[in-house]
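First comes the structure, then the notes that go with it.
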Amino acid sequence: MQLTDSYGRVARKLRISVTDRCNFRCQFCMPTHPVWLPHSEILTFEETLRVASLFVGMGVENIRLSGGEPLMRRDIEQLVQLLAGIDGLRQFSMTTNGFLLAEKAAALKRAGLRGITVSLHSLKPERFSEITGGGPYEKVIEGIRAAKSNGFRPLKINSVIIRGCNEDEITDLASLAVEGDVTVRFIEYMPFDGQHHWGMSKVVSGKEIVDKIRERYDLVPAPRPAGSTAQIYRFADGKGEIGVITSITQPFCSDCDRIRLSADGKIVPCLFDKAGFDLRPLLRTGASDETIRNFMREAVVRKAPGVETLLKKSQQLEHIRPMHTIGG
Ligand code: SAM
């Protein structure tokens with residue numbers, strides 16, 4: 001039986017934050033002084049596997065691991081192996097900052113992970129380090145190379161574009177995608193930043209991003225599959241493609257098929273709504289699978305309409321969840 005919300009949207013993709021901890025301090029994401037969850041509140045591998053299996057049994061086809069930084073979770077390969085074995089799972093991927101990827105790529109591939117997205121917001125080592133609060137550019141590039149050589153598909157790069165910071169690099173970042181071995185996805189800056197620097201004036205719209213790339217390359221829009229967060233454009237002269245994630249200027253909430261599980265076991269049906277439905281007490285007090293399934297159905301039914309929920313509350317930043325706590 002499918003998980004359908006009150007707007008008729010069906011949940012097919014689950015994003016699991018496996019830890020709130022991160023080894024980078026991206027300015028647009030992490031608070032200056034993050035308060036980490038106590039270890040005892042973070043779901044164990046067994047708990048995560050149980051929740052994920054129940055979701056897949058109710059129609060979820062696609063799981064993405066995120067964080068914090070998912071590669072910071074100890075023995076992440078073991079969790080990958082457990083989840084990869086879930087019957088009915090069609091796509092299984094991870095979003096990472098890439099720092100530990102070169103050393104872990106082969107083990108992740110063996111464990112059954114298929115797709116990787118690496119966040120890369122600048123091609124200038126010094127700027128990259130500044131944006132990420134000290135992230136070493138070369139290690140991330142090595143991580144991307146390792147993902148390529150280990151055959152992860154799809155392989156994507158996420159770049160958050162912020163006015164006055166890195167919009168001068170849009171076309172150079174897009175160039176990485178020309179050969180077709182990696183897709184570059186440009187993300188509009190969203191107000192989930194732990195340091196509250198966000199403002200509409202810092203958002204570079206998807207349209208502006210595409211116009212900029214078109215100064216160097218011919219781009220052809222591709223049809224958008226239902227539920228996709230990105231509008232994809234193909235290079236007319238190449239094999240590759242880029243995407244724009246226009247969560248602010250042109251959100252795709254009406255066919256959103258995503259739900260999220262936080263590291264401490266909350267179902268978060270909508271990224272733009274602070275509501276979370278806490279599964280952990282059920283998991284830790286011996287609730288039956290049927291009780292948990294009912295709870296999941298109820299959480300999904302209450303999914304908010306989307307970005308409007310956030311914009312209505314945009315004057316109240318306490319309604320906004322820092323991205324590192326839920327994984328993007
Ligand atoms: N640590 C991993 C990483 O860096 O990719 C995974 C977690 S991170 C929260 C997931 C994605 O959210 C990354 O691509 C990151 O760039 C993006 N992100 C974080 N804060 C954002 C913001 N304020 N606006 C848009 N995207 C953001």
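Just so you know, these numbers come straight off a predicted model, no measurement behind them. Atoms within each ligand, like the ligands themselves, are counted from 1 in listed order.
Every pair passing salt bridge (charged side-chain N to carboxylate O under 4.0 Å, His left out) that includes a residue from residues 149-166 is listed here, sequence neighbours excluded: Arg163-Glu208. Pairs of residues two or more places apart, or lying in two chains, that qualify as salt bridge (charged side-chain N to carboxylate O under 4.0 Å, His left out) and include a residue from residues 37-47 are Glu47-Arg284. Legend: ring pair (Phe, Tyr, Trp, His ring centres under 6.0 Å) pairs involving residues 238-262, not counting sequence neighbours: none detected.
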Using a 3.5 Å cut-off on N/O to N/O, what pairs does ligand 1 make with the protein? A line per pair would be great.
unit_1, atom_1, unit_2, atom_2, d
ligand 1, 1 (N), Gly68, O, 2.9
ligand 1, 1 (N), Glu69, OE1, 3.0
ligand 1, 5 (O), Thr96, O, 3.4
ligand 1, 5 (O), Ser119, OG, 2.6
ligand 1, 14 (O), Ser119, OG, 2.8
ligand 1, 14 (O), Asn158, ND2, 3.1
ligand 1, 23 (N), Phe28, O, 2.9
ligand 1, 23 (N), Met190, O, 2.8
ligand 1, 24 (N), Met190, N, 2.9

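The neighbour count for Arg90 CZ, taken as heavy atoms of other residues, nucleotides or ligands under 6.0 Å away, does not exceed 12. Annotation for Asp75: atom CG counts as buried by contact number, over 12 foreign heavy atoms lying within 6.0 Å.
Atom CZ of Arg21 sits about 5.0 Å away from atom CD1 of Ile42, to the nearest 0.5 Å.
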